[in-house]
Amino acid sequence: MAKTIILEVARYRPEQEAEPTFESFDVPLNDDWVVLDALNYIKDKLDGSLSYRWSCRMGVCGSCGMMVNGEPKLTCATFLTAYDPGPIRVEPLRYFPIVRDLVVEITDFMKKLKAVKPWIVREEEKPIAEGEYLQSPEQLESYKQFSMCINCLCCYAACPVVGLDQHFIGPAAIALAQRYNNDSRDQGAEERLDVLSQHEGIWGCTFNGECTRVCPKNVDPAGAIQQYKIKAMTEWYKSLIMPWGKKSNGK
Amino acid sequence: MKQPPAYTLYHPKWYRKRVSTWWWTEQWRSFKFILRELSSLAVIYFVALLLWLLWSLGKGPDKYLEFQSWMKDPLVIAFNVIALIFVLYHSITWFNLAPKAMPIRMGGKRLPEWMVAAPNYVVWLVISAVVAWFILGGN
């Protein structure tokens, strides 16, 4: 008989139970299977009522973030064999309200993300006739790492501050703000600084570094936040020394 | 983000787990992190100690002798050794984190992390050596 591994999957069926429970499933331990494959196997063959999010199964869409043995992971990139002989405990992302089984409620994050304006802000768009906005490889390099974020929310599930203070805007949102601040085409740094220089913005961060450790795309949100702190501090000193000066746009 | 979180508080269906006050005891990593945060108290302690030393010196020999005898108490020595360990832990973790907060670029490339951390250690050692030379009576 082929080798199998036990998956202990968190179940929460709000119409039946008041709090989550665990259900064990025996799934084939194939070398090329990731945790997401095992969940799909459960849904197809063992229990069709299991709910979870997934889409691309190749580390791009950011939907399948879950806790695997207590660590936030992209389940599409987490091989079963790494946990042999098991069992593997699969839970919904920590610190988020659970909607059902492995599905969490992320509206709050979407709202926080929007607050930092994660798009290119221009004071004035140049006419199309003038052509595109050019960018050198160095300019691209300065924000590329932060642009790799796929909003999988593993960093939120890793960050103790997110767990303790639900107002904290969180690692991914700040890293994405920094992605646009560092973009040579963007002029919105000042608007973002107004949101992020508040206590619930960058100053909520205690530089625990967990976000960077768990990030499946090596975005380094912790680095982004600390760089932002230095930036905010310099801006503040500048406004103190030269209150008459025009606030720079953060370039 | 002063406005309340976007999800409805006390929503009857969603399950929400409260974070335990003891969350930092669950993993060695979190415990080390809290130790690092606590180590700032040791930094404050040494600053206060230095201020007290200066104050005693200013008040004359009697006060200074009092300070010295207090410092020689075995309990105080033990406490100071522990505080020193915390301060060293604080400094080392701080220097190691410096490259994260300061990505220095040269010729379009980001400097490797150790090149940002190393100067901190060098300056630290040099200043410590100068202070030690003063205290140990070099002229």
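Sequence lines set the chain letters: A, B, ... in the order given, protein chains first and strands last, and positions in each chain run from 1.
B:Ile34 does not touch chain A: none of its heavy atoms, backbone or side chain, sits under 4.5 Å away. Neither the backbone nor the side chain of A:Glu17 comes within less than 4.5 Å of any heavy atom in chain B. With a 4.5 angstrom heavy-atom cutoff, A:Phe207 touches chain B via backbone and side-chain atoms both. At a 4.5 Å heavy-atom cutoff, the contact between B:Arg29 and chain A is made by side-chain atoms alone. Contacts of A:Ala224 with chain B are absent, with no heavy-atom separation under 4.5 Å from either backbone or side chain. For A:Ser136, no part sits under 4.5 Å from any heavy atom of chain B, backbone or side chain. In this structure, no portion of A:Arg100 lies under 4.5 Å from any heavy atom of chain B. Using a 4.5 Å cut-off between heavy atoms, B:Glu37 touches chain A through its side chain atoms alone. Proximity to chain B (any heavy atom under 4.5 Å) is shown, for A:Gln139, by neither the backbone nor the side chain.
Around CZ of B:Phe31, the count of heavy atoms belonging to other residues, nucleotides or ligands within 6.0 Å does not exceed 12. More than 12 non-hydrogen atoms from other residues, nucleotides or ligands lie less than 6.0 angstrom from CH2 of A:Trp203.
Taking CD of A:Glu235 as the start and CD of A:Glu190 as the end, the distance is 8.0 Å to the nearest 0.5 Å. How far CD of A:Gln226 is from CD1 of A:Ile202: 9.0 Å, rounded to the nearest 0.5 Å. One finds the CZ atom of A:Phe25 at 5.0 Å from the CG atom of A:Asp47 (value rounded to the nearest 0.5 Å). Put simply, CD on A:Gln135 and CG on A:Leu140 are 6.0 Å apart, with the number rounded to the nearest 0.5 Å.
Taking A:Pro20, A:Ala222, A:Gly163 one by one and counting their heavy-atom pairs under 4.5 Å with chain B, the maximum is reached by A:Pro20. Here A:Glu210 is the residue among A:Met110, A:Glu210, A:Glu15 with the most heavy-atom pairs under 4.5 Å with chain B. Ranked by heavy-atom pairs shorter than 4.5 Å toward chain B, the options A:Ile230, A:Ile225, A:Val99 are led by A:Val99.
Separation of the B:Phe33 and B:Trp24 ring centroids does not fall under the 6.0 Å cut-off.
With contacts defined as side-chain heavy-atom distances shorter than 4.5 Å, the pair A:Pro171/A:Tyr156 qualifies.
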